[in-house]
Amino acid sequence: QVQLVESGGGLVQPGGSLRLSCAASGSIFSIDAMGWYRQGPGKQRELVATITSGGSTNYADSVKGRFTISRDNAKNTVYMQMNSLKPEDTAVYYCNADRVATMSGNLEVWGQGTLVTVSS
């Protein structure tokens with residue numbers, strides 16, 4: 001079974017920083033795209049940032065200039081550095097891996113989520 005394990009969430013004050021990590025494990029040959037999505041209270045899940053195996057990135061307008069996504073292909077791990085955090089960033093953040101190449105074919109996998117709370 002392919003699994004994504006997230007870490008790094010927690011409580012932080014406005015203007016503070018957090019770094020999220022997500023490691024994929026299992027019988028994986030390669031992963032095309034990895035990224036982060038979030039779901040705030042009473043809201044739908046939305047894209048935050050994605051990164052391909054080649055390093056191309058995509059960000060939501062609301063986080064551009066504040067968040068930075070990166071990955072280590074050898075470790076099948078994706079990171080997101082979050083700076084200048086705002087209360088509206090409060091959400092459960094979910095790791096995503098798309099086009100995960102396995103012996104059984106290509107998969108899309110989601111992590112269980114990690115809570116980020118930005119509050120005074």
Side-chain angles (χ1 to χ4, degrees):
Q1 297 290 321
V2 176
Q3 294 185 336
L4 302 180
V5 179
E6 301 134 319
S7 63
L11 174 65
V12 65
Q13 294 184 349
S17 298
L18 286 173
R19 184 174 184 257
L20 304 183
S21 299
C22 172
S25 63
S27 298
I28 301 169
F29 295 127
S30 63
I31 302 173
D32 183 14
M34 301 186 77
W36 295 92
Y37 294 70
R38 68 186 181 187
Q39 187 168 17
K43 300 179 180 179
Q44 292 187 273
R45 186 176 299 185
E46 65 176 350
L47 182 148
V48 179
T50 61
I51 183 168
T52 69
S53 61
S56 297
T57 59
N58 183 43
Y59 296 93
D61 288 341
S62 60
V63 307
K64 287 181 179 178
R66 300 188 298 121
F67 292 8
T68 303
I69 190 169
S70 61
R71 66 187 283 175
D72 185 334
N73 291 336
K75 296 181 179 180
N76 287 327
T77 300
V78 63
Y79 309 92
M80 188 163 68
Q81 179 68 41
M82 304 186 294
N83 298 326
S84 301
L85 284 162
K86 305 174 180 179
E88 50 262 46
D89 295 318
T90 296
V92 177
Y93 285 71
Y94 296 92
C95 181
N96 173 264
D98 196 15
R99 294 185 291 280
V100 182
T102 72
M103 289 289 290
S104 300
N106 292 330
L107 307 174
E108 183 177 21
V109 186
W110 290 90
Q112 63 184 7
T114 184
L115 177 63
V116 172
T117 302
V118 185
S119 176
S120 298

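Keep in mind it's a predicted model, so treat the numbers as computed, not measured.
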statement: Note: Arg45 and Tyr37 closest approach over all heavy atoms is CG-CB, 3.8 Å
message: Once ring-ring contact (aromatic ring centres under 6.0 Å, His included) is applied, what residue pairs with a partner in residues 49-70 remain, sequence neighbours excluded?
response: none
- prompt: Quick one: are Ser119 and Pro87 in side-chain contact, heavy atoms under 4.5 Å?
  reply: no
message: As an exercise, state the distance from CG of Leu11 to OG of Ser120, rounded to the nearest 0.5 Å.
response: 9.5 Å
- prompt: Rounded to the nearest 0.5 Å, how far apart are NZ of Lys75 and OG of Ser25?
  reply: 14.5 Å
field: Exercise: identify the closest heavy-atom pair between Asp89 and Arg66
entry: OD2-NH1, 2.8 Å
field: More than 12 heavy atoms from other groups under 6.0 Å of CD on Glu88
entry: yes
query: So which pairs with a foot in residues 81-114 pass disulfide bond (SG atoms under 2.5 Å apart), sequence neighbours left out?
result: Cys22-Cys95
task: Would you name the heavy atoms of Ser17 and Ser84 that are closest together and state the gap between them?
output: OG-N, 4.4 Å
message: Hydrophobic clusters here meaning ILVMFWY residues chained together by side-chain heavy-atom distances under 4.5 Å, can you tell me if Tyr94 and Val2 are in one?
response: no
query: Can a cation-pi geometry be assigned to Arg19 and Tyr79, taking NZ or CZ under 6.0 Å from the six-membered ring centre and within 45° of the ring axis?
result: yes
task: Report yes or no: do Val78 and Val92 belong to one cluster of Ile/Leu/Val/Met/Phe/Trp/Tyr joined by side chain heavy-atom distances under 4.5 Å?
output: no
message: For Thr77 and Asp72: C-alpha separation, side-chain torsions, deciding distance, then whether side-chain hydrogen bond (donor to acceptor under 3.5 Å, both in side chains) applies.
response: CA-CA 5 Å; Thr77 300; Asp72 185 334; over 6 Å; no
query: Can you tell me how far the CD1 atom of Ile69 sits from the CG atom of Asn58, to the nearest 0.5 Å?
result: 9.5 Å
message: Going by side chain to side chain contact (heavy atoms under 4.5 Å, CB included), Met80 matches just one of Ile51, Thr68, Val48, Leu18. Which one?
response: Val48
field: Under-4.0 Å salt bridge between Asp61 and Lys64
entry: yes
- prompt: Looking at side-chain heavy atoms only, is the closest gap between Met82 and Val116 below 4.5 Å?
  reply: yes
message: Checking Gln13 against Val118 for the side-chain contact (heavy atoms from CB on, under 4.5 Å) test, could you report, in this order, the C-alpha distance in whole Å, the side-chain angles of both residues, the deciding distance, and whether it holds?
response: CA-CA 5 Å; Gln13 294 184 349; Val118 185; over 6 Å; no
message: Test side-chain contact (heavy atoms from CB on, under 4.5 Å) on Thr114 and Leu20; report intermediate values, then the result.
response: CA-CA 9 Å; Thr114 184; Leu20 304 183; 4.2 Å; yes
task: Would you sort out whether Asn96 and Glu108 count as a side-chain contact (heavy atoms from CB on, under 4.5 Å), showing the intermediate values?
output: CA-CA 7 Å; Asn96 173 264; Glu108 183 177 21; 3.1 Å; yes
field: Derivation of the side-chain contact (heavy atoms from CB on, under 4.5 Å) call for Asp98 and Asp32
entry: CA-CA 6 Å; Asp98 196 15; Asp32 183 14; 5.9 Å; no
- prompt: If every non-hydrogen atom of Gln112 is compared with every non-hydrogen atom of Glu6, which pair is closest and at what distance?
  reply: N-OE1, 3.1 Å
Value rounded to 0.5 Å, distance of OG in Ser62 from CG in Leu47: 9.5 Å
- line: On a heavy-atom basis, the closest approach of Thr90 and Pro41 is O-CD, 3.9 Å
statement: Correct closest heavy-atom pair for Ala33 and Arg99 would be CB-NH2, 4.2 Å
- prompt: If you measure only the distance, is there a donor-acceptor pair under 3.5 Å linking the side chains of Ser53 and Asn73?
  reply: no
- prompt: In chain order, what residues pass the side-chain contact (heavy atoms from CB on, under 4.5 Å) check against Glu46, with sequence neighbours excluded?
  reply: Arg38
